[in-house]
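Below is one structure, written out as structure tokens; comments come after it.
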Amino acid sequence: VLIGIAAAVLRTWFVDVVTLAHNGMVPTAIVGDRVLVWRGARLERNDIALCRHPRDANRWVIGRIAAMPGGSVALERGQLVLDGRRLDRNVRT
């Protein structure tokens with residue numbers, strides 16, 4: 001009974017459970033995976049975050065944080081450049 005009450009309190013005020021509907025985070029997460037999302041968490045670079053879609057406020061997107069406020073993100077010749085540093089691996093455009 002206590003576990004059920006604790007789960008209800010967490011779900012009501014602190015966390016959401018989201019089922020992924022796309023493969024945008026493969027291989028970290030795939031369609032159908034359930035993700036526990038802490039509301040109001042302090043996020044840092046490389047964390048995975050859930051946010052509203054930039055063009056459709058009714059949809060949500062999940063992704064990895066590449067840069068923090070004030071940082072720069074660029075794509076040069078298929079390579080991701082973060083804060084002026086080129087990453088070692090190629091990315092798809």
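Values below: every heavy atom of this structure, side chains too, minus hydrogens, waters and symmetry copies.
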Pairs of donor and acceptor atoms involving the side chains of residues 1-10, under 3.5 Å and at least two apart or interchain, shall be tabulated with distances.
none

Q) Listed by chain and number, what are the salt bridge (Lys or Arg N to Asp or Glu O under 4.0 Å) partners of R86, not counting sequence neighbours? A) E76
Q. Partners of E44 by salt bridge (Lys or Arg N to Asp or Glu O under 4.0 Å), sequence neighbours excluded?
A. none
Q | Hydrophobic cluster partners of V35 (side-chain heavy atoms under 4.5 Å) | A | V18, L20, M25, V37, I48, L50, W60, I62
Q) Does a side-chain heavy-atom distance below 4.5 Å link V73 with L80? A) yes
Q) salt bridge (Lys or Arg N to Asp or Glu O under 4.0 Å) with R45: which residues, sequence neighbours excluded? A) D83
Q) Between D33 (side chain) and I30 (backbone), is there a donor-acceptor pair under 3.5 Å? A) yes
Q | Minimal non-hydrogen separation, G84 against S72, with atom names | A | N-OG, 3.8 Å
Q) Heavy atoms, side chains only, cut-off 4.5 Å: are C51 and V61 in contact? A) yes
(Q) Keeping R64 on the side-chain end and N46 on the backbone end, is there a donor-acceptor pair under 3.5 Å? (A) yes
Q. Please, which pairs that meet salt bridge (charged side-chain N to carboxylate O under 4.0 Å, His left out) have at least one residue in residues 9-18, sequence neighbours excluded?
A. D16-R39
